[in-house]
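Atoms within a ligand are numbered from 1 in the order they appear, just like the ligands themselves.
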Amino acid sequence: MIQIPRVGVIVEEGMEAYTIRLRIPAGIVTPDQLRGIADAAQKYGGDDVHLTTRQTIEIPHVAEKNLPALGVALTKNGTPFGAEFQNVVNVTACPGNERCRLANIDAIPFALNIDRKYFGREMPVKTRIGISACPNSCVSERLCEVGVTGHLKPLRHPEKCTGCGTCVDFCNEDALEVINGVIVLNDERCIRCGACVHTCPYGVITAEDPVYEITFGGRRGRHPKVGRRLVIVNSLEAAEQAVDEAMYRIYRQAVGGTRLLADQLDEIGFDQIVKSVLAKLPEDSVVEHL
Ligand code: SF4
Ligand code: SF4
Ligand code: SF4
């Protein structure tokens, strides 16, 4: 017997039908699953489906009597009802190393792993997690309750530089400049996006290993806020540990009700949360600055 959760069920205006939000970790579905969603929507929903801003799909206009059968069909399809209330409602990811040439980390496997651990878990506040593999932040992860951003720090070897200036064109931050025939990096301007790495035809710009910036307490909506930096770490394992501790701290310390995490960070002691996260991480995994 398949248990159908009711958390991804949204009552529509007029209260006569429901919109069903699906669980689609990192926005990835197979073509067969997509066909399955289309079939289910056609059979149990209205005339359309809705692609959401958070990489999921909604099936609108479902009558109450169709909810159980739709739930069974979607669960069999591997795209069950999602979550909407005080839960972990969504884990999004950019294509990352799998497909984007600007990526610094493997965003999709990371997101799928987090989704397996946390999706649907009850929390005091609605919790969204986003992972972008570079600071271009294509999934707006810093506007999520927990965000992960991959960075790459360029390393220069000026003794080999010809001063040709090719790499300068790749930096959108004006952080690279040829001075007296040698490449110079402006640390203040560099956001560690990694776009310049490997652009030098002479191999003058290489990179350190990627680092993971974890942010906490962002939000979208009518008063958007960028999440605060919780920690920067130098390995996938440490990034997962940092996310685990961030989630635990939300679970233990956030105040339930209608307020979002972003609006209670000072009240619940953000600085103390940073200390708790640092205490859980191996010392040599923490990076002081980007
Ligand atoms: S965030 Fe960066 S790595 Fe991810 S898709 Fe956007 S540009 Fe590519
Ligand atoms: S890492 Fe990005 S911001 Fe820094 S110098 Fe290279 S291109 Fe510019
Ligand atoms: S592309 Fe290479 S050689 Fe040319 S300025 Fe940049 S670092 Fe120097």
Neighbour count above 12 (heavy atom, 6.0 Å) for [X] [atom1]:
| X | atom1 | result |
| --- | --- | --- |
| Y251 | OH | no |
| R252 | CZ | no |
| K43 | NZ | no |

Tell me which protein heavy atom sits closest to [atom], plus the residue, atom name and distance to 0.1 Å.
| atom | answer |
| --- | --- |
| atom 6 (Fe) of ligand 3 | C167 SG, 2.4 Å |
| atom 7 (S) of ligand 1 | N136 ND2, 3.5 Å |
| atom 2 (Fe) of ligand 3 | C200 SG, 2.2 Å |
| atom 8 (Fe) of ligand 3 | C161 SG, 2.4 Å |
| atom 3 (S) of ligand 1 | A103 CA, 3.4 Å |
| atom 1 (S) of ligand 2 | G194 N, 3.2 Å |

- Item | Presence of N, O or S from C100 under 2.8 Å of atom 2 (Fe) of ligand 1 |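 Short answer: no, not a single N, O or S atom is under the cut-off.
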
- Message: Once you restrict to heavy atoms under 4.0 Å, what part of S137 touches ligand 1? Side chain, backbone, both or neither.
- Response: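 Within the 4.0 Å criterion, S137 contacts ligand 1 through backbone atoms alone.
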
- Just let me know how V204 lines up against ligand 3, side chain, backbone, both or neither, with a heavy-atom cut-off below 4.0 Å.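 It is the side chain that gets close, since no backbone atom is under 4.0 Å.
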
Can you sort out which atoms of ligand 3 are near [X], meaning under 4.0 Å from one of its heavy atoms?
| X | result |
| --- | --- |
| Y202 | 3 (S) |
| P201 | 1 (S) |
| G165 | 4 (Fe), 5 (S) |
| C164 | 1 (S), 3 (S), 4 (Fe), 5 (S) |
| T166 | 1 (S) |

- Roughly how far, to the nearest 0.5 Å, is CD1 of I191 from CG of L290?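 Separation between the atoms: 9.5 Å.
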
- Task: Show all protein N/O/S atoms under 2.8 Å from atom 8 (Fe) of ligand 2, or state that there are none.
- Result: C171 SG

- Query: Is the shortest distance from a heavy atom of G203 to ligand 3 less than 4.0 Å?
  - Reply: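 No.
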
Output side-chain donor-acceptor pairs under 3.5 Å for residues 154-179, partner residues at least two apart or in another chain, one line each.
from : atom 1 : to   : atom 2 : distance (Å)
R156 : NH1    : I183 : O      : 3.0
H157 : NE2    : T206 : OG1    : 2.9
T162 : OG1    : C164 : N      : 3.4

- Specify whether F216 and F270 have parallel, tilted or perpendicular ring planes, treating 30° as the upper limit for parallel and 60° as the lower limit for perpendicular.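 Rings of F216 and F270: tilted, as their planes differ by 30° to 60°.
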
Please find the pair of heavy atoms, one from [X] and one from [Y], that lie closest to each other, and give the distance.
| X | Y | value |
| --- | --- | --- |
| A103 | G96 | CB-C, 3.2 Å |
| S140 | S132 | N-OG, 4.4 Å |
| D32 | N77 | O-OD1, 4.0 Å |
| E141 | T215 | O-OG1, 4.2 Å |

- Passing candidate, side-chain contact (heavy atoms from CB on, under 4.5 Å) with V277, options L230, V243, V233, D244: L230

- Result of checking E145, M247, Q86 against M123 for side-chain contact (heavy atoms from CB on, under 4.5 Å): M247

- Task: Report yes if the side chains of L261 and K126 come closer than 4.5 Å at any heavy-atom pair, otherwise no.
- Result: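 No; the side chains remain at least 4.5 Å from each other.
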
- Does the side chain of L74 reach to within under 4.5 Å of the side chain of L22, using non-hydrogen atoms?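 The answer is yes; the side chains approach within 4.5 Å.
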
- Item | Lys/Arg N to Asp/Glu carboxylate O, D271 vs R228, below 4.0 Å |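 Result for this pair is no, no salt bridge flagged.
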
By number and element, which atoms of ligand 1 are closer than 4.0 Å to a non-hydrogen atom of [X]?
| X | result |
| --- | --- |
| C138 | 1 (S), 5 (S), 6 (Fe), 7 (S) |
| P95 | 5 (S) |
| C94 | 1 (S), 3 (S), 4 (Fe), 5 (S) |

